[in-house]
Amino acid sequence: MAPLRFSANLSWLFPELSGLPARLRAAGSFGFEATEVAWPYAEPPEALARVAREAGLRVVLINTPPGDQEKGEMGLGAVPGRQAAFREGLEQAVRYAKALGCPRIHLMAGRVPQGGDRAAMRGEMETVFLENLRHAAGVLAQQAAAILQKVGRPNLQLQMDIFHWQIMDGNLTGNIQEFLPIVGHVQVAQVPGRGEPSSPGELNFSYLFQLLEDEGYRGFVGCEYKPQGDTVEGLSWLRSYWDRRGRPQAGQ
C-alpha cells in the first residue's frame, strides 16, 4: 500500500504567521507537497499562485465563499433564496481554482435555520442543494451519499471530515469502508479538542491511517486542526509517519 498524501490546511495551521503567503512558505519549508485553504479570497489569485509555485506546493482544495458571516452564514449551497449569491460565489471560486491549478472546490451547503419547522426546512434545503449541485457539476460536495446519488453527476464526490463524522455519527470503520469509493478528499483532527492527530482524544489515527491505506485511498488527507502550540513542533506526528512509511512518489 502506498503512503498517504497530506495537505496543510492553512486556514488552521501556522496561526502564528500573518497572511496566507507567509503560511504557504512555511508549509513548503516544512516539507508539505500540498495545501488547502478555506477562503483564499483576501489575496489576488495570481499572487497566491506565484507564492505556492515558489514554495513547491500544489493547492488541492478551496471552499466556495461562506456568504454573510456576520449573519451566521457558513455556505450558501443549500440556502433557499440565495441561489444567485451561491452562483456568484461559485464563479469566484472557479476563477481562483483555475489560477491556482486547484482540482477541487468544496461546495459549502450552509446551515439549517434556527426555529420553525426544521423538517420542512431540511426538505427545502435539499431541493435547493440538488439544484445548485447540478448547476455546479464541475465541483465536489460535502454531503451525504444519498444526495450525490440523487444528483447523478460522477464528478461530484464526498468530502470526509473525520472530526465531524465522529461527532455526528461515529462508526468510522464501517463508514470509511462503505463510502470511501465516492470520497474525493479527507480531513482530520482529534476529537473533541480538534487538535493534532497525536493529541489526546477519542480517535486512534494510527489505526485510521492504516485503514485508509488498506482501503486504497489515493487522495489527500487535509490537516484541518487547531495546533495546540507551535505548528511545526505539533507536526512531529507527520514526521514520524513519513519516517515510518516514507513519502509518496510522483505519480502514486
Side-chain angles (χ1 to χ4, degrees), residues 2-66 89 92-106 108 139-140 159-163 184-189 194-199 205 209 212 217-252:
L4 299 173
R5 295 178 177 273
F6 291 89
S7 59
N9 189 302
L10 299 183
S11 298
W12 290 83
L13 299 189
F14 304 103
E16 57 269 24
L17 299 177
S18 177
L20 190 51
R23 295 185 182 192
L24 284 165
R25 296 185 186 98
S29 296
F30 177 79
F32 279 102
E33 64 167 314
T35 65
E36 58 193 69
V37 59
W39 302 304
Y41 307 110
E43 304 278 351
E46 294 78 12
L48 291 179
R50 183 178 64 253
V51 174
R53 190 166 53 247
E54 292 170 351
L57 293 166
R58 286 183 287 164
V59 180
V60 297
L61 179 75
I62 62 174
N63 293 355
T64 50
Q92 183 182 26
V94 168
R95 287 197 302 272
Y96 271 76
K98 287 181 177 179
L100 295 168
C102 178
R104 288 183 172 86
I105 300 172
H106 169 205
M108 298 193 68
V139 292
L140 65 87
Q159 179 167 298
M160 181 191 292
D161 186 322
I162 287 178
F163 171 80
H185 193 75
V186 172
Q187 291 178 327
V188 296
R194 205 165 190 174
E196 289 88 347
S198 57
S199 61
F205 276 99
F209 291 157
L212 290 171
Y217 179 64
R218 293 292 180 266
F220 281 94
V221 177
C223 303
E224 193 194 44
Y225 62 79
K226 179 172 61 177
Q228 303 300 289
D230 178 79
T231 298
V232 172
E233 290 180 5
L235 282 164
S236 58
W237 66 270
L238 183 52
R239 288 196 186 278
S240 297
Y241 178 89
W242 284 339
D243 290 343
R244 185 176 70 258
R245 293 291 290 117
R247 303 192 193 194
Q249 301 300 309
Q252 285 189 327

Output, in order, the C-alpha distance, side-chain angles, deciding distance and verdict of side chain to side chain contact (heavy atoms under 4.5 Å, CB included) for Ser199 and Tyr225. CA-CA 11 Å; Ser199 61; Tyr225 62 79; over 6 Å; no
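- Atom OG1 in Thr231 sits 10.0 Å away from atom CZ in Phe30 (nearest 0.5 Å).
- Between the side chains of His106 and Glu36, not a single donor N or O lies within less than 3.5 Å of an accepting N or O.
- Formation of a donor-acceptor pair under 3.5 Å by the Ser11 side chain with backbone atoms of Ala38 is found in this model.
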Are Leu13 and Arg23 close enough, and set up right, to give a side chain to side chain contact (heavy atoms under 4.5 Å, CB included), and what steps lead you there? CA-CA 8 Å; Leu13 299 189; Arg23 295 185 182 192; over 6 Å; no
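- Of all non-hydrogen atoms in Gly234 and Ser198, the two that sit nearest each other are O-OG, 4.5 Å.
- No side-chain heavy atom of Tyr96 sits under 4.5 Å from any side-chain heavy atom of Val59.
- Residues Gln92 and Tyr41 meet the side-chain proximity criterion, which asks for heavy atoms closer than 4.5 Å.
- Under a 3.5 Å cut-off, the side chain of Glu196 and the backbone N or O of Gln228 do form a donor-acceptor pair.
- Contact of the Arg218 side chain with the Arg5 side chain is not registered, since no non-hydrogen atoms from C-beta on lie closer than 4.5 Å.
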Tell me, with the steps shown, if Trp39 and Met108 meet side chain to side chain contact (heavy atoms under 4.5 Å, CB included). CA-CA 11 Å; Trp39 302 304; Met108 298 193 68; 3.5 Å; yes
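- Annotation for Gly28 and Leu57: closest pair N-CD1, 3.8 Å, computed over non-hydrogen atoms.
- Minimum heavy-atom separation, Cys102 to Leu61: SG-N, 3.3 Å.
- With contacts defined as side-chain heavy-atom distances shorter than 4.5 Å, the pair Leu4/Tyr241 qualifies.
- Contact record, Pro21 with Val51: O-CG1, 3.7 Å, taken as the closest heavy-atom pair.
- Here the side chain of Arg247 pairs no donor or acceptor atom with the backbone of Glu33 at under 3.5 angstrom.
- The ring-ring contact (aromatic ring centres under 6.0 Å, His included) with Phe6 is formed by just one residue from the set Phe220, Phe209, Trp242; it is Phe209.
- In this structure, Arg104 contributes its side chain and His185 its backbone to no donor-acceptor pair below 3.5 Å.
- Atom CG of Leu48 is separated from atom CZ of Arg53 by 11.0 Å, given to the nearest 0.5 angstrom.
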Can Glu16 and Phe14 be said to form a side chain to side chain contact (heavy atoms under 4.5 Å, CB included), step by step? CA-CA 5 Å; Glu16 57 269 24; Phe14 304 103; 4.1 Å; yes
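- Pro40 and Ile62 get closest at one heavy-atom pair: CG-CG2, 4.0 Å.
- Residues Ser7 and Gly222 share a closest heavy-atom pair of OG-CA, 3.4 Å.
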